[in-house]
Amino acid sequence: MVATKLILTFMKNFSTLKQAKQIHAQIITNDLTRLEPLFIHRILLCDITNHKTISPYILSILHHLRDPDSFSWGCVIRFFSQKGQFIEAVSLYIQMRKVGLCPNSHAVSSVLKSCAKVEDDLCGVSVHGDVQKIGFSRCVYVQTALLDLYCKNGDVLTARKVFDEMAERNVVSWNSLLVGYIKGGNLDEARCFFDEIPKKDVISWNSMVSGYAKGGKMEQACYLFRQMPERSIVSWNTMISGYVDCGSIRLAREFFDVMPKRNSVSLITMIAGYSKSGEVDSAREIFDRMDDKDLWSYNAMIACYAQNSKPKEALDLFNGMLKPEIGLHPDKMTLGSVISACSQLGNLDQWLWIETHMNDYGVVLDDHLTTALIDLYAKCGSIDKACELFHGLRKRDVVAYSAMIYGCGVNGKVSDAVDLFEQMVGECIDPNLATYTGILTAYNHAGLVEEGYRSFNSMKDNGLAPSVDHYGIMVDLLGRAGWLDEAYKLIMNMPMQPNAGVWGALLLACRLHGNVKLGEIAAQHCIKLESETAGYYSLLSGIYATIGKWNDAKKLTTGVEGKKIIKIPGCSWTQLE
DNA sequence: TTAGGGTTAG
């Protein structure tokens, strides 16, 4: 009975890893093999929030059983599957099969769900083989999990076949296939299927509304939403998210304001929406309203700052999140935004500090984070480290190549940038706008006008229309090389309004080459667009000074002092603080 | 066993 008591303690009383370790040690020393299996199963089925830390103990308990049967294995597999540890669930299933045990329906339906999540077609197919061999044809749970797996793998035809052959179906079977049709992109077909569902529940309705919302068909989504016999928080959140995705933050807010009950998803969706539309203050207002701020809320707000050029605020919030009174651990999402913020500030130190805590956070660098780091290291001048990370990537995509090309460009390694560009095209990866920003920057830094021009003109061959930033780089490149008239002509032929960056590049070039006529034109535009920037006045005054127009030069300088215009410090990739 | 929220390059 001592052991029984210990197990009950294990189930109810641990909230820290230390406690779990102590209780586990007691269970092991009391020889668990003599316990009734029922108690073991109760441990596994109990709801433990701190599941990651107890996983090793669950495995240890399984291995301490003298002769674990298929029920024990099934419980453990279900535990891992329910707690989101899908790879572990699949690997346990494989172990169980190796031991020669026949899985029960719990084990099979759980492992099918896990297969769907780990996106391994092969393991799903082999479990399907088991299903047919062992014979679960009448088990609605197993059959539904199977059809869901095929839906998630994008094979709706096979899913339909499973559905048609099912001896018994419930609403989950219908919903699973409905989502399969929706994910397949054919909304009309999905709608016909939805209309056929004999007893729709709120999930059927939500799925269909979400299908319309994700497909950008908000009118249909709204029409269906109004017809719903009952609505859950998810229904409202789906509508909000749909409006956010199509850029209608005002309509999203209307739904948000009238919904009967809100949860953290509602708030996070609004934060992301405001972030997308650049309304950082409104996002912060929502964030401050949240009572229980979890990791997702912090991630949304930190991402909002990072995406809206407020890197300092992003890092402040990140550091606040780590304080003991909040005590949250960052995950991959957090670090992605934090690295982006570091990169914008040229602050490598903050990252180097984070790196020493990676083991505590339990975050492993994936390709996504590594790509962000390539950008960070390259911008901070550590091009060799960036290169090392780039070569360690499992798969190099257009983002990784673009970051690396840009990194080579700003570090004066033009031939490396060109090689990478060609290598990328050789791997059949299409360059995008950012790739061209990188390669044009490289040509610009090296002063290679003709090569730059050729590359700029080749953008349209790849179906890309240069953005205002690409024009800015070209004007800079032409201007620095002294081709001022060509640069001016390029500006005049731009399909969009030139911004202060474009005119500023021309102004700088005029200062370098002492061209008063174009310099005055450029300065006029710059001042019109950004009158508070002092740099333009001093550039123009510099042009006057080089040709001896001292009075004009002086007038401008005193004008600046009189107006108290802000001087923007020279831009550099080193930290601005 | 099914539905709603986030991350990388410029």
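Please read these numbers as outputs of a predicted model, since none were measured by experiment.
Distance A/Ile405 CD1 to B/dT8 P: 19 Å, rounded to the nearest Å. The interatomic distance linking A/Leu369 (CG) with B/dA9 (P) rounds to 11 Å, in whole Å. As a whole-Å value, the separation of A/His470 NE2 from B/dA9 P is 15 Å. When the P atom of B/dT2 is taken as reference, atom CG of A/Leu146 falls 13 Å away, rounded to whole Å. In this structure, A/Asp367 atom CG and B/dA9 atom P are separated by 15 Å, rounded to whole Å. One interatomic measurement links the two molecules: CG of A/Leu178 to P of B/dT1, which rounds to 19 Å at whole-angstrom precision. Remark: C1' of B/dG5 and CE of A/Met259 are 12 Å apart, rounded to the nearest angstrom. When rounded to the nearest whole Å, the span between CH2 of A/Trp205 and P of B/dG4 equals 17 Å.
A donor and an acceptor atom never sit less than 3.5 Å apart when one is taken from the side chain of A/Asp375 and the other from the base of B/dA9. With hydrogens and angles left out, the side chain of A/Asn263 and the base of B/dG5 share no donor-acceptor pair within 3.5 Å.
Taking the side chain of A/Thr269 as heavy atoms from C-beta on, and the options B/dT8, B/dG5, B/dT2, the nearest nucleotide is B/dG5. Comparing B/dT7, B/dA3, B/dA9 against the side chain of A/Gln307 picks out B/dT7 as the nearest. With distances taken from any side-chain atom of A/Ile203 to the nucleotides B/dT8, B/dA9, B/dA3, the minimum falls on B/dA3. Taking the side chain of A/Ser232 as heavy atoms from C-beta on, and the options B/dT7, B/dG5, B/dA3, the nearest nucleotide is B/dA3. Here B/dT1 is the nucleotide among B/dT1, B/dG5, B/dT7 with the atom lying nearest to any side-chain atom of A/Asn170. Considering only side-chain atoms of A/Lys152, the nucleotide from B/dG4, B/dT8, B/dT2 that sits closest is B/dT2. Closest to the A/Ala145 side chain, of the nucleotides B/dA9, B/dT1, B/dT8, is B/dT1. In the set B/dG4, B/dA3, B/dT1, B/dA3 carries the atom at the smallest distance from any side-chain atom of A/Asn206. Comparing B/dT1, B/dT8, B/dG4 against the side chain of A/Thr371 picks out B/dT8 as the nearest.
Take A/Phe256 and apply the ring-ring contact (aromatic ring centres under 6.0 Å, His included) test, not counting sequence neighbours, and it matches no residue. Taking A/Tyr401 as the reference, A/Gln423, A/Glu427 meet the side-chain hydrogen bond (donor to acceptor under 3.5 Å, both in side chains) condition, with sequence neighbours excluded. With sequence neighbours left out, A/Asp331 forms a salt bridge (Lys or Arg N to Asp or Glu O under 4.0 Å) with no residue at all.
For A/Phe421 and A/Tyr436, the gap between ring centers is short of 6.0 Å. You'll find the ring centres of A/Trp205 and A/Phe194 inside the 6.0 Å limit.
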Donor-acceptor pairs under 3.5 Å, side chain of residues 210-220 of chain A to any protein atom, not counting sequence neighbours: which ones?
unit_1, atom_1, unit_2, atom_2, d
A/Tyr212, OH, A/Arg191, NH1, 3.4

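Among the atoms of the strands shown, only primed sugar atoms or phosphate atoms (P, OP1, OP2) are found under 4.0 Å from some heavy atom of A/Ser207. Base contact: A/Ile233 has a heavy atom under 4.0 Å from a base atom. Here A/Ser264 lies in heavy-atom contact (under 4.0 Å) with a base. At a threshold of 4.0 angstrom between heavy atoms, the contacts of A/Leu433 include nucleobase atoms, whether or not backbone atoms are also involved. Base engagement by A/Asp331 is indicated by at least one non-hydrogen atom pair under 4.0 Å involving a base atom. Counting non-hydrogen atoms under 4.0 angstrom, A/Lys214 reaches the backbone sugars and phosphates but no base.
Shown for residues 434-443 of chain A: residues whose heavy atoms fall under 4.0 angstrom of DNA chain B, namely A/Ala434, A/Thr437.
Of the side-chain N and O atoms in A/Ser340, one or more sit less than 4.0 angstrom from OP1 or OP2 of B/dA9. Applying the 4.0 Å criterion to OP1 and OP2 of B/dT7, one finds that A/Ser337 has every side-chain N and O outside that range.
Stacking between A/Trp236 and B/dG4 is absent: the aromatic ring centre is not both under 5.5 angstrom from the base six-membered ring centre and within 30 degrees in plane angle.
A cation-pi arrangement, defined by a distance under 6.0 Å to the six-membered ring centre and an angle within 45 degrees of its axis, is absent between A/Lys293 and A/Tyr298.
Taking the six-membered ring where the residue is Trp, A/Phe163 and A/Trp174 present perpendicular rings, their angle passing 60° and hence far from 30°.
Within the structure, every pair that satisfies the salt bridge (Lys or Arg N to Asp or Glu O under 4.0 Å) test and touches residues 248-264 of chain A, not counting sequence neighbours, is listed here: A/Arg250-A/Glu279, A/Arg253-A/Asp257.
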